[in-house]
Each structure stands twice: as structure tokens, then as C-alpha cells.
Amino acid sequence: MLLERRKIAMVVAEFLGTALLTAVILAVSKSSIPIPYFVGIAAGLAAAVGIVVFGAISGAHLNPVVTIGLWTARKIKTWPAIAYILAQMLGGAAAYLLYTQLIDSSLRNASEYNSRVLIAEAVGAFVFTLGWAAAVYRKLETGKAAFTIGSALFLGMLVASMGSAGLLNPAVALAAHTWVWGTYVLGPILGGIIGFNLYALLFAPP
């Protein structure tokens, strides 16, 4: 019974944490000051809070890119990874529903394939997941992990914003209606896989 409760708690934590992160990004990016610097700071703070609140429960991935990257690095098993990704995508959808309900409007699909966006999202996710990998492989305590990952997300989003919306998260892309497989999905996933595995290969403690 205790084991089942923990499994449910892990999935719910990913759902709530991703919904919080997505709602914050939507609120700032769609505000009157949608400057990448402010969006990145808000996202970094939201990720840091998510790690403090949910880190001990699920690891607080809050992003399919993180889960897939950790899965390729053999840091999470297949079935938990699938459950996490489903919860994260549902969290993004829930944040969209909440946002559109509160502003009493809907968002238009405003994205198409662009190689510049693909590269920008991949590079930004690479920067972000290097920070995540450092927290995992260096086994940083909660406070240091929250700071490292939140800062890495801020820097990754800032770098990506030169050529894209700087989302680095398919769940956020779904909520922001910028979902395109070849850009806001494939780009960050590729960058995340490279980031995690390169850190594991070259920089992780022996």
C-alpha cells in the first residue's frame, strides 16, 4: 500500500510541478513584458521551487526532455519514464486550460517548421541539461540542485531565445500552442540527450 501511494505521489508531483512551471512561463511570456530575460528568470525560479517541493518525491523532472535524457543515461527505467512524460504533458495541458480560463481567451497556433528554431531549442536544451546532469552526477543537495538547475534553465532559455521562443520543454510548447514536432519537440529532446550523455561520458565523477 505504501509503495502504491509513493508511485501515485511521484506521478502527481510531475503533473503539478509541470503545470506550475508551464503556468508561470505562459503568464510572463504572454504578459505586457514578454522579454526573454524576464521569462527565463521566472522559469528558473519556478523550476527551483518545484525541485524544493517535489524533488524528494519524483526528482522534479517537470519536462519530458529531462526524463528522456535521464532515460538514455540509464538514470530512470522505461515504465516510470513513460508515466512521467504522460503526467508532464497533462500538466502542460492543464496549465493551458487554467490560463485561457483566467484570461477568458484562447491561444492561436502560431508555429511552423524552421531549422533556426530547431537549432536554437537544441542548443538551449543542451545548456539546460548540462546543469541538470551536474546536479544528478554530483549528487547535489536539494538547495544546491535547485539553484544549479534553475540557473541552467534560465541560461538555456536565454541562449535559445536568440532563435526561438526559448521554451526547451514540449509540455510548455503544447500549452503555448507552438507544438511542432521538428522544432519545439525534436530540438530540445536532441539537445537534452546530448547534454546528459556528454556530461556522463566526460565530466561525471568516476
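It should be emphasised that the depicted structure is a prediction, and the values quoted were computed from it without experimental measurement. Hydrogens, waters and symmetry mates play no part in the numbers below; they use all other heavy atoms, side chains included.
Linking ILVMFWY residues whenever their side-chain heavy atoms come closer than 4.5 Å, directly or via other members, leaves V11 and L174 in distinct clusters. Cluster membership for W71 and W79, using ILVMFWY side-chain heavy atoms within less than 4.5 angstrom, is not shared. Residues L201 and F126 share a hydrophobic cluster, clusters being chains of Ile/Leu/Val/Met/Phe/Trp/Tyr side chains in contact below 4.5 Å. One hydrophobic cluster, built from ILVMFWY side chains closer than 4.5 Å, cannot hold both L198 and V123; they sit in different ones. The cluster map of Ile, Leu, Val, Met, Phe, Trp and Tyr, joined by side-chain heavy atoms under 4.5 Å apart, puts M157 and L45 in the same cluster.
Taking CG from L130 and OG1 from T148, the interatomic distance works out to 12.0 Å, rounded to the nearest 0.5 Å. Of the inter-residue distances, the one linking L153 atom CG with I41 atom CD1 reads 11.5 Å to the nearest 0.5 angstrom. The line from CZ of F38 to CD1 of I35 is 4.5 Å long, rounded to the nearest 0.5 Å. The CG atom of L90 sits 6.5 Å away from atom CZ of F15, with the distance rounded to the nearest 0.5 Å. We find the CD1-CD1 distance between I189 and I68 to be 4.0 Å, quoted to the nearest 0.5 Å. Taken from OG in S31 to CD1 in I103, the straight-line distance is 11.5 Å, to the nearest 0.5 Å.
Using a 4.5 Å heavy-atom threshold, the side chains of L20 and L16 count as separate. Taking the side chain as every heavy atom from C-beta outward, Q88 and L62 never approach each other to under 4.5 Å. Looking only at side-chain heavy atoms (C-beta outward), T18 and N63 stay at 4.5 Å or farther from each other. A heavy-atom distance below 4.5 Å is not found between the side chains of M10 and F54. Between Y113 and L118 there is a side-chain heavy-atom pair separated by less than 4.5 Å. At least one side-chain heavy atom of P64 sits less than 4.5 Å from a side-chain heavy atom of N169. Here the side chains of T22 and Y99 are not in contact, with every heavy-atom distance at 4.5 Å or above. Counting only heavy atoms from C-beta outward, the side chains of P170 and Y184 never approach each other to under 4.5 Å.
Heavy atoms only, all atoms of each residue included: L97 and T100 are closest at O-OG1, 3.2 Å. For the pair V117 and S164, the tightest heavy-atom approach, listed with the atom from each and the gap, is CG1-CB, 3.7 Å. Between A87 and E14, the shortest heavy-atom contact is CB-CB, 4.1 Å. Of all non-hydrogen atoms in A23 and A95, the two that sit nearest each other are N-CB, 3.8 Å. Between L21 and A46, the shortest heavy-atom contact is CD1-CB, 3.8 Å. Between A135 and A145, the shortest heavy-atom contact is CB-CB, 4.2 Å.
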W181/L186 under side-chain contact (heavy atoms from CB on, under 4.5 Å): CA gap, chis, key distance, verdict: CA-CA 6 Å; W181 280 104; L186 180 61; 6.0 Å; no
Full working for side-chain contact (heavy atoms from CB on, under 4.5 Å) between I25 and V39: CA-CA 6 Å; I25 293 174; V39 178; 4.2 Å; yes
side-chain contact (heavy atoms from CB on, under 4.5 Å) assessment of Y96 paired with H177: CA-CA 9 Å; Y96 169 78; H177 275 212; 3.5 Å; yes
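The local environment of OH in Y137 is crowded, with over 12 non-hydrogen atoms from other residues, nucleotides or ligands closer than 6.0 Å.
Using bins of under 30°, 30° to 60° and over 60° for the plane-to-plane angle, the ring pair Y37/F154 lands in the perpendicular bin.
Tested against H61, the residues F128, F196, Y84 include a single ring pair (Phe, Tyr, Trp, His ring centres under 6.0 Å) partner, Y84.
Between the side chains of N114 and T183, no donor-acceptor pair is found at a separation under 3.5 Å.
A distance-only check finds a donor-acceptor pair linking the side chain of E121 to the backbone of G166 [under 3.5 Å].
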